[in-house]
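Okay, structure first, notes after.
Below, each value reflects all heavy atoms present in this structure, side chains not excepted, and no hydrogens, waters or symmetry copies. Letters A, B, ... mirror the listed sequences (proteins, then strands); counts begin at 1.
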Amino acid sequence: MTLRTEPVTINLGPQHPSTHGVFRMRITFDGEVILDVEPVFGYLHRGSEKLAEERTYAQVVTLTDRLDYVSSMSNNLAYVLAVEKLAGIQPPERAMYLRVIAAELQRISSHLVATGFFLNDLGALATPLMYCFREREKILDLFEMLCGARITLSYMRVGGVFQDAPTEFWPAIRDFLSFMPEYVDEYEKMLTGNEILLSRTKDVGILAGETAINCSASGPVLRSAGVNWDLRKADPYDVYDRLEFDVPVGTVGDNYDRYLLRIAEIRQSLRIIEQCVDQIPEGPVRERIPNLVRPPVGDAYAHVESPKGELGFYLVSDGSIAPYRCKIRSPSLINLTVLRDILIGWKLADMIVTFGSIDINMGEVDR
Amino acid sequence: MYGIGIAKGLMVTLTNLFRKPFTIQYPEEAVPQSPRFRGEEFAWYEERCTGCASCAKYCPLGIIRIVTHPGGANVPEGDSYAIDVFDIDIGRCMFCGLCVEACPYDALFMGSGFERGQYRRDDLIITVDELRSSERRPSTWFRPQLEERDYRPQGGEPLSWEEVGR
C-alpha cells in the first residue's frame, strides 16, 4: 500500500531565532525534505537610500553605520570612498592606513560573530558564541579608543578619518596582535575537528562555483566555492596594494568550508593589521575640505570587500550638498540569491545551519 | 570505546574553572571606558557659545533646538547672542558626535554617561538649565587639546570654560 502525501508549505520566521533578525522563508516540504524556498524580506526596511538624499554628504556616514551593524567600519569605508571618487579627493597616507587597520579589525569581529552564530544555529547553544564574543569585546574596546563608540562607529570622514588614533591605541593593538592568534588556535582546537560539527556541516549545503558566480555571490560564500575573487586583490583600494596577504579559497563549497574560510580570513586580517602597524607613516589624517562637500555633477561607484562580500555605493551628484541618488549594493541581499540553490533537497535541520553559514545581516538586506 | 568524549569535555571544563573570568559584574563594577567615549551628559560652556547653531544644523536628526536673542556676551569673542533655549533631545540622539565636530568655538563636548534611563520621553530632553548647572567632564572626542593634556573624563576633575580651549 502506498500513502499519498502532499507537500506542506510552512513559514519560518519572521520571528525565528535562527533568522538573525526579521527574515521569513516560505518553505515547501515533502516530509522533512525541502522542495522549494522563497525568501520574504523587507521587515526591517528603513529607507536608508532615500534618507541619504535628505542629508548632506557628511551626515550620510551615520546612516551607513546602521546598514550592517556588525561591520560599521566597512560600510563607512565604502561610502567615503564613493564620495572621494565623486569629489576627486585624495586622503592622506596615514588616514588610508588607519582605515585599513579599522576595516580589518572589523572583519575579524564580524567573522567572529558569524562563526559564533553559525555554531549557535547548529545547536551548540551560546558556548562558542561566548568564546567568540570574548575577543570581539577586545576589538570593540579598540574601537572605543579610536572613535568613542563600539557599534555605530562613524569613524571615517570624507577625506580621511575624523581624528588620529590616541597614543594608547598603538600599544593596545600590538597587545591584541600578540594574543589573538592564540585565541584563534583555541577555537580551531575546540571546533575544527569536532565530530558533531563535521557530521552536521561537511558536504552539507554544497554550492558550486559556477552557481555562485551566476548568482553574483561575493565574499566568503563565493570564495568557499573555490572562486578566487577578492576585491582587495582584484581592485585594490586604499593601501591594500602595498600589503602582502593570501586570499583563502575553499574547495567543496559546503558549510564546513565556509566556516574554515572565515577562520582563515581572521588569520590573514591579523597579518594585514601587523603590516599596517609597522608601515604606517606620520602625517595628517584628514584632508582639509569644507564641512559641506559639493561634488561636481556626475556619478561614482566604489566598492570594498566587506566581511560579507562586495559592498558598493553608487552615488549621483547634482552639484548640491546632498546626494541626488544613493544606491547601496549590499552583499547580504545578493548572497541570499544562492539560498534556493543550496537548500533544495536538504532537510529542515540542515536548512538552519546552511542559512547561518551564509552569514547575512538583516540591517543590510532590507536597508 | 565510549566515554572518552565526556572525559575530554570535562577536561575543558576543568581547565576553564581556574581561568580568570572575562566577565565584569556591571552594576557593581564599572566598565573601563576610553576617554573618547561618546555618551550623554553633554558638556556645554555658555561662555564659549555664540549661539551660531552650527551644531543644530549639522545634526543629522535635527534634535538640537536653539533659541537666542541679541545681547549676550561670549567671553572670548565679544558680543554675541544670549541663549534662551538649548534643548538636546537625547531620546532620539544617536551619539554620532557631529554636533561636537561642527562647533567652531569648542563650546560643546560629548559626555561619558550611558545610564540615563527614564520612564517618560519628555524626561530625556536635556534643557539649557540642566546644561548650565551640570558638572562638566567633557569627553576628549574630537578635542585634541584635552587629549594632549591626558584628561580623563571618568573620575577626572570638572573643567571650567578657560581650561577647555585650544
If you count every heavy atom of other residues, nucleotides or ligands that lies below 6.0 Å from [X] atom [atom1], does the total exceed 12?
X	atom1	value
B:I6	CD1	no
A:L177	CG	yes
B:R65	CZ	no
A:Y324	OH	no
A:R288	CZ	no

Mind checking whether [X] and [Y] have side chains closer than 4.5 Å, heavy atoms only?
X	Y	answer
A:M130	B:T23	no
B:P35	A:M145	no
A:E144	B:Q33	yes

[X] versus chain B, heavy atoms under 4.5 Å apart: side chain, backbone, both or neither?
X	answer
A:L51	neither
A:E168	side chain
A:K138	side chain
A:L63	neither
A:D141	neither

Q) If contact means a heavy atom pair closer than 4.5 Å, which residues of residues 53-62 of chain B contact chain A? A) B:K57, B:Y58, B:C59, B:P60, B:L61
Q: Pull out the residues in residues 87-96 of chain B that come under 4.5 Å of chain A, heavy atom to heavy atom, sorted by number.
A: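 When heavy atoms of chain A are the reference, residues 87-96 of chain B contributes B:M94, B:C96 within the under-4.5 Å range.
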Q) Which is it for B:K8 and A:E195 under the salt bridge (Lys or Arg N to Asp or Glu O under 4.0 Å) test, yes or no, and what are the steps along the way? A) CA-CA 13 Å; B:K8 270 190 190 167; A:E195 279 172 42; over 6 Å; no
Which atoms of [X] approach chain A - backbone, side chain, both or neither, heavy atom under 4.5 Å:
X	result
B:N16	side chain
B:E101	side chain
B:P144	both

Q: Rounded to the nearest 0.5 Å, what's the gap from CD on A:Q163 to CZ on B:R36? Could you check?
A: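 Spacing of CD (A:Q163) from CZ (B:R36) equals 4.0 Å.
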Q.
With rounding to the nearest 0.5 angstrom, report the CG to OG distance, A:L140 to B:S34.
A.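 Answer for the CG-OG pair, A:L140 versus B:S34, is 12.5 Å.
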Q: Ignoring hydrogens and angles, tell me if any N or O in the side chain of B:R38 forms a donor-acceptor pair with the backbone of A:C147 under 3.5 Å.
A: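 Answer holds: yes.
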Q. A:T167, A:V60, A:L146: which one forms the most heavy-atom pairs within less than 4.5 Å of chain B?
A.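 Among A:T167, A:V60, A:L146, the one with the most close pairs to chain B is A:L146.
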